[in-house]
Amino acid sequence: MINRFYNKLKKRFSYITYRPLATREEYLALHEDCKLEKFSVIDKFEESSGFKIDRDYFENLALHTQICIKKSRLNYQHGRILYATLSKYIHDNSCNSVNIIETGTARGFSSICMSKAINDIGKKGLIHTCDIIPHNKNIYWNCIDDLDSKKTRKELLSYWENEVKNIRFYEGKSKTIFKNLEIERFHFAFLDAVHNYKEVISEFNYVRNKQKKGDIIVFDDVTVNLFPGVVKAIEEVKKKKEYSIKHIEISEQRGYAIAQKLL
Ligand SMILES: C[S@@+](CC[C@H](N)C(=O)[O-])C[C@H]1O[C@@H](n2cnc3c(N)ncnc32)[C@H](O)[C@@H]1O
């Protein structure tokens with residue numbers, strides 16, 4: 001049973017593995033290497049938004065939820081973008097509480113960054129995040145914590161209990177989860193599950209019907225070389241003129257789009 005579960009998920013994602021893939025020293029060295037990289041575009045973005053996630057907090061979270069073994073270069077700058085964008089949104093809006101939807105929880109990194117923004121600004125908020133990877137199953141996550149033992153996501157994130165309090169974790173495909181969520185408005189969304197046109201546009205259409213003027217959707221991996229379907233979806237959103245789109249490109253391998261509802 002567990003083997004079938006592993007085979008199904010492992011074929012498609014680098015988020016779960018059969019065994020620890022590196023030593024503690026190797027994970028730490030990878031992290032040190034990532035920390036050396038400079039991202040002036042993101043520095044400027046934070047400056048212009050007026051909000052910036054605490055660097056030590058961010059890097060500690062990244063060590064446990066982003067530093068993994070994969071072929072492409074590691075990059076977790078979307079966490080800084082989410083924190084800054086959501087903080088500004090909450091700061092500029094008078095709503096008492098914010099509802100957030102995320103597709104693609106993975107190890108929980110992006111949800112924790114958004115929850116930290118809610119806590120730091122001192123407002124109420126709830127993040128609804130979904131993934132086909134279960135929350136309460138003991139697995140290896142392809143991260144440094146695997147060296148202790150298999151863990152559930154709940155255990156992996158136990159250090160961030162103040163942030164986890166604002167998060168509801170759902171297991172399943174976004175389409176299925178959406179059908180059962182009875183929430184009228186999503187002030188903020190982060191779409192980061194399946195990176196093809198059909199899935200992204202379908203998730204966008206679900207969220208847009210639950211947004212008002214000024215509400216925001218952040219798209220990850222808007223990168224023509226790697227994910228042309230995501231780029232096509234953003235082009236379509238742009239054509240409808242219902243959202244303004246801000247592109248952030250940090251390399252040929254990684255770009256983001258921030259859509260803000262105009263009407
Ligand atoms: C790029 S990762 C998300 C990364 C995460 N947001 C972060 O910042 O660490 C994509 C995730 O989407 C999940 N996923 C794949 N298909 C999905 C679906 N149909 N619905 C929801 N999640 C899905 C994968 O299991 C994977 O964990």
Side-chain angles (χ1 to χ4, degrees), residues 5-17 31 34 42 53 58-86 100-117 127-135 137 139-145 152-153 156-157 160 163-164 167-181 188-207 217-223 226-227 229-230 233 250 253-256:
F5 162 76
Y6 262 87
N7 285 336
K8 204 168 131 206
L9 289 174
K10 205 187 149 287
K11 261 186 217 154
R12 295 162 63 193
F13 307 111
S14 57
Y15 292 94
I16 67 165
T17 58
H31 187 213
C34 286
I42 309 290
I53 193 165
F58 180 70
E59 287 298 347
N60 181 45
L61 174 65
L63 172 62
H64 294 275
T65 58
Q66 287 288 308
I67 301 300
C68 63
I69 305 303
K70 63 177 189 179
K71 282 184 193 141
S72 54
R73 185 151 179 82
L74 298 178
N75 186 323
Y76 41 89
Q77 298 306 305
H78 59 293
R80 294 171 64 191
I81 294 177
L82 289 171
Y83 178 91
T85 309
L86 179 58
I100 296 165
I101 179 100
E102 173 185 56
T103 61
T105 320
R107 301 178 196 88
F109 169 77
S110 33
S111 276
I112 298 283
C113 290
M114 293 189 281
S115 188
K116 168 89 172 139
I127 298 162
H128 301 266
T129 183
C130 65
D131 201 299
I132 53 177
I133 302 176
H135 190 55
K137 201 166 224 146
I139 51 181
Y140 288 126
W141 289 92
N142 183 8
C143 72
I144 194 166
D145 293 63
T152 64
R153 187 192 288 114
L156 185 66
L157 298 179
W160 294 273
E163 286 74 26
V164 168
I167 307 173
R168 298 290 172 270
F169 296 91
Y170 302 88
E171 179 190 337
K173 292 186 176 178
S174 56
K175 254 185 216 160
T176 317
I177 302 299
F178 287 170
K179 274 187 204 142
N180 299 316
L181 269 184
F188 195 94
F190 179 46
L191 305 186
D192 194 22
V194 182
H195 288 26
N196 64 33
Y197 168 79
K198 200 172 144 222
E199 297 290 335
V200 174
I201 209 72
S202 149
E203 290 181 354
F204 165 77
N205 282 326
Y206 169 80
V207 176
I217 306 177
V218 179
F219 298 85
D220 199 351
D221 292 307
V222 187
T223 313
L226 298 178
F227 302 106
V230 180
I250 55 176
Q253 309 298 318
R254 200 75 186 250
Y256 317 89

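Everything quoted here is computed from the prediction, not taken from an experiment. Order of listing sets the numbers, starting from 1, for every ligand and every atom in it.
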For H78, the ligand 1 atoms whose distance to one of its heavy atoms is below 4.0 Å: 7 (C), 8 (O)

Assess whether side chain to side chain contact (heavy atoms under 4.5 Å, CB included) is satisfied between I167 and W160, documenting all intermediate values. CA-CA 11 Å; I167 307 173; W160 294 273; over 6 Å; no

Between ligand 1 and F190, can you find any atom pair, the residue atom being a heavy atom, that is separated by under 4.0 Å? yes

Min N/O separation D221 to ligand 1 under 3.5 Å: no

Hey, can you tell me if F227 and H195 have their rings parallel, tilted or perpendicular (30° and 60° cut-offs)? perpendicular

Below the 3.5 angstrom mark, is there an N/O of D131, backbone or side chain, next to an N/O of ligand 1? yes

May I ask you to list the atoms of ligand 1 that are less than 4.0 angstrom from any heavy atom of K173? 18 (C), 19 (N), 20 (N)

Y256-H78 side chain donor-acceptor pair, cut-off 3.5 Å: no

Could you tell me which atoms of ligand 1, counted from 1 in the order shown, lie closer than 4.0 angstrom to a heavy atom of F109? 8 (O), 9 (O)

Heavy-atom contact check, 4.0 Å cutoff: does E199 meet ligand 1? no

Under 4.0 Å to a heavy atom of E102 - the qualifying atoms of ligand 1, by number: 6 (N)

Residues S110 and E102: side-chain donor-acceptor under 3.5 angstrom: yes

Distance filter under 4.0 Å to I133 heavy atoms, resulting ligand 1 atoms: 25 (O), 27 (O)

Are the side chains of D131 and R153 in touch, meaning some heavy atoms are under 4.5 Å apart? yes

What are the two closest non-hydrogen atoms of L74 and C34, and how far apart are they? CB-SG, 3.8 Å

For atom 16 (N) of ligand 1, which candidate among T129, L191, V194, T176 provides the closest heavy atom? V194

Would you say the side chain of T129 lies within less than 4.5 Å of the side chain of F190, judging by non-hydrogen atoms? no

Counting each atom of ligand 1 from 1 as listed, which ones have a heavy atom of S174 under 4.0 Å away? 18 (C), 19 (N), 20 (N), 21 (C)

Would you mind reporting whether D192 and V218 have side-chain heavy atoms less than 4.5 Å apart? no

G172: numbered ligand 1 atoms lying under 4.0 Å from its heavy atoms: 20 (N), 21 (C)

Which word best sums up how the rings of H135 and F169 line up, parallel for under 30°, tilted for 30 to 60°, or perpendicular for over 60°? parallel

So which bit of K175 gets within less than 4.0 Å of ligand 1, heavy atoms only: side chain, backbone, both or neither? neither

If we number the atoms of ligand 1 from 1 as shown, the ones under 4.0 Å from a heavy atom of T105 are 5 (C)

